[in-house]
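To start, the structure itself, in C-alpha cells.
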Amino acid sequence: MSIRKIATSAEQLQAQSAQMKAQLKKKNDKPFKNFLRKIGNIILPMIPAFVGADLIAGKYDFSD
C-alpha cells in the first residue's frame, strides 16, 4: 500500500466521520435534550462541592 492510498483513505475516513457526526448531532438536537443538557451543565459541576460540604459537616459537629 502506498502512502498516497493511505492518505486518501485517511481523508475519506475523516470525511465520513464528520458526516456521521453531523447526522448524529442533527438527530439529537431536540428541545428536551437541549434543556436537560443545560440543566446538567449547571448541576453536575456542583456535585463535588456538595460532597465536600457533607464531608466537612460530618467531620465537625456544628450543632450546639
Side-chain angles (χ1 to χ4, degrees):
M1 209 173 212
S2 71
I3 301 241
R4 287 183 188 232
K5 282 186 179 181
I6 293 173
T8 303
S9 59
E11 290 171 356
Q12 289 172 348
L13 286 174
Q14 194 173 26
Q16 187 178 11
S17 173
Q19 182 183 12
M20 289 174 66
K21 283 181 184 180
Q23 287 174 349
L24 283 173
K25 189 171 184 174
K26 183 180 176 184
K27 177 184 170 190
N28 287 326
D29 191 26
K30 306 287 186 214
F32 186 68
K33 284 187 178 184
N34 289 337
F35 171 74
L36 289 178
R37 194 172 294 123
K38 286 180 184 178
I39 296 298
N41 287 337
I42 295 169
I43 299 294
L44 287 177
M46 293 170 43
I47 291 174
F50 291 143
V51 171
D54 190 36
L55 289 173
I56 291 171
K59 175 76 173 159
Y60 302 104
D61 187 17
F62 292 114
S63 63
D64 288 327

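Annotation: side chain to side chain donor-acceptor pair (under 3.5 Å) contacts involving residues 14-23, sequence neighbours excluded, are absent. Screening residues 37-46 for side chain to side chain donor-acceptor pair (under 3.5 Å) gives N34-R37 as the qualifying pairs, with residues at least two apart or on separate chains.
Every side-chain contact (heavy atoms from CB on, under 4.5 Å) that L55 has, sequence neighbours left out, goes to V51. The side chain to side chain donor-acceptor pair (under 3.5 Å) check on N28 picks up K33, with sequence neighbours excluded.
Taking a 4.5 Å side-chain heavy-atom cut-off between Ile, Leu, Val, Met, Phe, Trp and Tyr, the cluster of L13 contains only that residue. Side-chain contacts under 4.5 Å among hydrophobic residues (ILVMFWY), followed directly or transitively, place L24 with no other residue at all.
Connection of I43 to F32 is established within a shared hydrophobic cluster, with ILVMFWY side chains joined at heavy-atom distances below 4.5 Å, either directly or through further cluster members.
Among all heavy-atom pairs drawn from P45 and G40, the shortest one is CD-O, 3.9 Å.
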